[in-house]
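Structure record follows, encoded as structure tokens.
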Amino acid sequence: MRLPMLNFGIDFLYQPSRALDLVNKDPRAALRASAGVYALFLVTAALFYTLKPDGFPPIPGAELNIPEHGLLFWIKVQAWSPILLAVWIAAAGWFGRLLGSGKLAIRLPAAVAAAIIPLLLIVVYNSAQMHRAIFGLCWVGLIAVMVPGFRRVSQEDWLRLTACLAGLHAAAIVLLIPFTIAVVARSPRAYHAVEFVMLFWVLGLATFSVRRILNIATARAFSAVFLSLITQILFVFSMHLLGVLPKEVLKALMAA
């Protein structure tokens, strides 16, 4: 008999509608199963990047003498993953509700403008016109302004979003097999091809999940997922600028 975690992960990959049925029917059971999937992802990812040569695939213009990082370093990197997942979930719910109703021609530009605010803060900060403390307070203020939008998502829907966006990491676990083959074959093209497969697979699963959970149109769900991923990336860079995220960890997160 298969474990609930294994059933949930397999369903998410091959029968996402069945996985979403469980999420909608019993979000707490789905959350427990997705927690197991996500924990397995963290462990396998840490081991994979520990064993993978740090200089592969090569980055044009990068230094050739790249230091090898051990398991402890990649554990520190993966320790940031739950935080980034939480940011992704929060942003997906917020943008999902913003884009869920009303005319898309009006809501979408408003959502894009909201997503650009962190980028503008980064630009202003890098132009040496803003103190680090002010930059941090701006982020606190931005989150405070978003609170009413967070409240528009019910507690049950937050559980469902968390279960889905954590559970879809089953795709990343499965794709470690072709990733490993690409590394062993020393084929950067194959490695990057698998990266694109993972990107579109995750985007598809996340869009399908947000559409079903928040009961919104596919185009609106995709926009919410895409903007939430942009927000996640801008959050990572902002944490680095605030001195919270070390440069080496930032580079590892961007390369992973």
Side-chain angles (χ1 to χ4, degrees), residues 12-13 16-17 19-20 23 34 37-38 41 45 80-123 139 142-143 145-150 152-153 157-172 174-175 192-240 245 250 253-256:
F12 229 117
L13 298 178
S17 293
L20 264 293
V23 169
S34 69
V37 172
Y38 189 68
F41 159 75
W80 275 89
S81 292
I83 298 173
L84 301 184
L85 175 61
V87 172
W88 187 24
I89 294 167
W94 193 87
F95 282 114
R97 281 302 177 219
L98 176 63
L99 295 167
S101 60
K103 293 184 177 180
L104 190 59
I106 297 175
R107 292 299 181 102
L108 185 57
V112 172
I116 289 176
I117 293 176
L119 176 60
L120 295 178
L121 291 176
I122 292 173
V123 171
W139 260 100
L142 180 60
I143 294 172
V145 170
M146 295 173 68
V147 168
F150 294 141
R152 293 182 62 195
V153 182
D157 282 344
W158 281 125
L159 292 177
R160 294 185 177 99
L161 281 173
T162 302
C164 288
L165 298 188
L168 61 78
H169 282 78
V174 170
L175 288 176
H192 291 312
V194 179
E195 287 182 320
F196 277 107
V197 170
M198 183 168 68
L199 173 63
F200 287 111
W201 199 359
V202 168
L203 277 174
L205 288 174
T207 298
F208 179 71
S209 300
V210 171
R211 181 180 70 83
R212 283 278 303 270
I213 293 168
L214 300 182
N215 193 27
I216 60 178
T218 300
R220 294 172 186 260
F222 174 80
S223 299
V225 170
F226 183 79
L227 291 174
S228 65
L229 288 172
I230 296 297
T231 301
Q232 185 189 61
I233 294 171
L234 294 176
F235 174 83
V236 169
F237 279 100
S238 296
M239 291 303 100
H240 171 63
L245 184 65
L250 171 67
L253 285 171
M254 291 297 100

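Since the structure is predicted, the reported quantities are computational estimates derived from the model, not experimental observations.
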Minimum heavy-atom separation for Leu214 and Gly93, please, with both atom names. CD1-O, 4.4 Å
Of all heavy-atom pairs linking Phe237 and Ile122, the shortest is CB-CD1, 4.2 Å
Parallel, tilted or perpendicular: which fits the ring planes of His169 and Trp88, with parallel below 30° and perpendicular above 60°? perpendicular
Decide yes or no for Trp158 and Leu161: does some side-chain heavy atom of the first lie under 4.5 Å from some side-chain heavy atom of the second? yes
Could you tell me whether the side chain of Val37 reaches within less than 4.5 Å of the side chain of Phe12, counting heavy atoms only? no
Within the 4.5 Å heavy-atom criterion, are Asp157 and Arg97 side-chain neighbours or not? yes
Interatomic distance, CH2@Trp201 vs CG@Leu13, rounded to 0.5 Å, equals 4.5 Å
To the nearest 0.5 Å, how far apart are OG in Ser238 and CG in Leu245? 10.5 Å
Find the distance between CG (Asn215) and OG (Ser101) and round it off to the nearest 0.5 Å. 11.5 Å
Rounded to the nearest 0.5 angstrom, the CD1-CE distance for Ile233 and Met254 is 6.0 Å
Do Val202 and Leu229 touch side chain to side chain, with heavy atoms closer than 4.5 Å? no
Indicate yes or no: at least one non-hydrogen side-chain atom of Cys164 is less than 4.5 angstrom from one of Phe208. no
State, to 0.1 Å, how close Thr207 and Thr218 come at their nearest heavy-atom pair, and which atoms those are. CG2-O, 3.8 Å
Any donor-acceptor pair under 3.5 Å from Arg107 side chain to Leu98 backbone: yes
With side-chain contact (heavy atoms from CB on, under 4.5 Å) as the test, would you mind laying out the steps for Leu85 and Thr162 before giving the verdict? CA-CA 9 Å; Leu85 175 61; Thr162 302; 5.8 Å; no
Less than 4.5 Å apart, any side-chain heavy atom of Trp80 and any of Val236? no
Please report the closest heavy-atom contact between Leu168 and Leu205, naming both atoms and the distance. CB-CD1, 4.1 Å
With rounding to the nearest 0.5 angstrom, report the CD1 to CG distance, Ile116 to Leu121. 12.0 Å
N/O donor-acceptor pair under 3.5 Å between Gln232 side chain and Val87 backbone: no
Could you tell me whether a side-chain N or O of Arg220 sits under 3.5 Å from a main-chain N or O of Leu99, the two making a donor and an acceptor? yes
Which heavy atom in Pro118 sits nearest to a heavy atom in Ala115, and how many Å separate them? CD-O, 3.1 Å
When you compare the side chain of Val210 with that of Phe95, does any pair of heavy atoms fall below 4.5 Å? no
Would you check if Ser228 and Trp94 make a side-chain contact, meaning some heavy-atom pair closer than 4.5 Å? no
Let me confirm one number: the CG-CG distance from Leu199 to Leu175, rounded to the nearest 0.5 Å. 11.5 Å
Closest approach of Leu84 and Phe235, non-hydrogen atoms and distance? CD2-CD2, 3.9 Å
